[in-house]
Visitor: 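Pasting a structure here, questions to come.
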Amino acid sequence: NAGVTQTPKFQVLKTGQSMTLQCAQDMNHNSMYWYRQDPGMGLRLIYYSASEGTTDKGEVPNGYNVSRLNKREFSLRLESAAPSQTSVYFCASSDRGANTEAFFGQGTRLTVV
Amino acid sequence: AQSVTQLGSHVSVSEGALVLLRCNYSSSVPPYLFWYVQYPNQGLQLLLKYTSAATLVKGINGFEAEFKKSETSFHLTKPSAHMSDAAEYFCASPGAGSYQLTFGKGTKLSVIP
């Protein structure tokens, strides 16, 4: 029962480097999400994909891009990492939007130095 | 826009004592409301969900929440705290659109032996 799988689990980047966070779900869900979690801020939505072939900005999209590669996979790319992007990133999926239960990955702890 | 507010960033209770975690929502219409739990170094998982079918919602691990329209509240309770309940708890509701799940800032629950 894999659910939502994120890679990598940990990453350290230098300022200006780029990287892609990978996410895959095996529940045949239509909607997928990327959140970041910072102390005292809760979870904030970066981007979401309502269904395969669509992506939309969330609350904090600046500095990020996403790709919904197929129904299973939704990647998050940092083109030029900044220290402000140091955070824990969570991928999630749900069957039909935010009114249905979201299933979360284990998270990626990213540090930008 | 729908939003949720959690009162208290940190709550401490003794083992066996009542757990009460507070969440207030803002909306003119009955919302969808969720409580999620995050154990250390893990992703979030659903505790319970309100969908207007019943005002008292029972979730996993003995937790329940009561939707009170007059108070715009959806507080989470458990009659008797267990050490394993120590975690961070998040109230959430669909935000700007049906694909944007908005989270409260979280309440960290500590259980004292």
Side-chain angles (χ1 to χ4, degrees), chain A residues 1-7 9-10 21 23 25 27 29-52 54-61 66 68 74 88-109, chain B residues 1-11 21-25 27 29-53 57 59-60 65 74 87-109:
Chain A
N1 294 338
V4 178
T5 303
Q6 290 182 236
T7 55
K9 287 185 169 47
F10 300 93
L21 281 63
C23 175
Q25 52 93 6
M27 295 170 283
H29 284 166
N30 292 296
S31 305
M32 297 186 74
Y33 315 85
W34 277 104
Y35 288 90
R36 60 178 289 173
Q37 182 178 27
D38 301 291
M41 301 291 290
L43 277 80
R44 293 179 292 169
L45 184 64
I46 304 170
Y47 271 93
Y48 65 96
S49 172
S51 59
E52 185 180 358
T54 69
T55 60
D56 283 286
K57 295 178 181 179
E59 181 185 355
V60 289
V66 291
R68 182 78 182 264
F74 188 40
V88 182
Y89 292 85
F90 287 98
C91 177
S93 70
S94 68
D95 187 27
R96 289 170 283 108
N99 294 341
T100 55
E101 178 181 358
F103 292 80
F104 285 80
Q106 295 288 296
T108 297
R109 187 172 295 273
Chain B
Q2 175 66 16
S3 67
V4 292
T5 303
Q6 291 184 243
L7 300 176
S9 59
H10 196 175
V11 170
L21 305 181
R22 301 176 188 274
C23 173
N24 288 90
Y25 66 91
S27 177
V29 297
Y32 288 87
L33 286 163
F34 303 84
W35 275 100
Y36 282 84
V37 60
Q38 184 181 31
Y39 298 103
N41 299 314
Q42 293 190 26
L44 281 71
Q45 64 182 85
L46 183 70
L47 265 182
L48 51 81
K49 172 183 176 181
Y50 169 76
T51 60
S52 75
V57 182
I60 61 171
F74 190 58
E88 192 158 17
Y89 293 79
F90 294 92
C91 183
S93 182
S98 64
Y99 293 95
Q100 298 197 45
L101 189 61
T102 301
F103 286 86
K105 295 192 187 315
T107 299
K108 196 163 195 175
L109 176 67

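Convention: sequence-line order gives letters A, B, ...; per-chain numbering from 1.
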Visitor: Could you check which of A:Gly58, A:Gly107, A:Gly40 has the highest count of heavy-atom pairs closer than 4.5 Å to chain B?
Guide: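 So the answer, after comparing A:Gly58, A:Gly107, A:Gly40, is A:Gly40.
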Visitor: Could you pull out all donor-acceptor pairs under 3.5 Å where a side-chain atom in residues 89-96 of chain A meets a protein atom, sequence neighbours excluded?
Guide:
unit_1, atom_1, unit_2, atom_2, d
A:Tyr89, OH, A:Tyr64, OH, 2.7
A:Tyr89, OH, A:Gln85, O, 2.6
A:Ser93, OG, A:His29, ND1, 2.8
A:Ser94, OG, A:Tyr33, OH, 2.7
A:Ser94, OG, A:Gly97, O, 2.9

Visitor: Could you state the interatomic distance from CG (B:Leu33) to OH (B:Tyr25), rounded to the nearest 0.5 Å?
Guide: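 Interatomic distance, B:Leu33 CG to B:Tyr25 OH, rounded to 0.5 Å: 7.0 Å.
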Visitor: Against chain B, work out which of A:Thr100, A:Val4, A:Asp38 has the most heavy-atom pairs shorter than 4.5 Å and name it.
Guide: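 When all of A:Thr100, A:Val4, A:Asp38 are compared, A:Thr100 has the most.
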Visitor: Which region of B:Gln38, side chain (C-beta onward) or backbone (N, CA, C, O), has a non-hydrogen atom less than 4.5 Å from a non-hydrogen atom of chain A, or is it both or neither?
Guide: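 It is the side chain, since no backbone atom gets that close.
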Visitor: Quick one: closest heavy-atom pair of A:Lys57 and A:Tyr48, and the distance?
Guide: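 It is O-CE2, 3.5 Å.
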Visitor: Start with the C-alpha distance between B:Thr102 and B:Ser93, add both sets of side-chain angles, then the distance that settles side-chain contact (heavy atoms from CB on, under 4.5 Å), and finish with yes or no.
Guide: CA-CA 5 Å; B:Thr102 301; B:Ser93 182; 5.7 Å; no
Visitor: Counting only non-hydrogen atoms closer than 4.5 Å, does A:Leu45 touch chain B with its backbone (N, CA, C, O), its side chain (CB onward), both, or neither?
Guide: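 Looking at A:Leu45, just its side chain touches chain B.
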Visitor: Against chain B, label A:Arg44 side chain, backbone, both or neither, depending on which of its atoms sit under 4.5 Å from a heavy atom there.
Guide: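 Contact with chain B involves no heavy atom of A:Arg44 at all.
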Visitor: Tell me, for A:Gln37 versus chain B, whether the close heavy atoms (under 4.5 Å) come from the side chain, the backbone, both or neither.
Guide: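 A:Gln37 touches chain B through side-chain heavy atoms alone.
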Visitor: Quick one: list whatever passes ring-ring contact (aromatic ring centres under 6.0 Å, His included) with B:Phe103, sequence neighbours left out.
Guide: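 ring-ring contact (aromatic ring centres under 6.0 Å, His included) check on B:Phe103 returns A:Tyr35, B:Tyr36.
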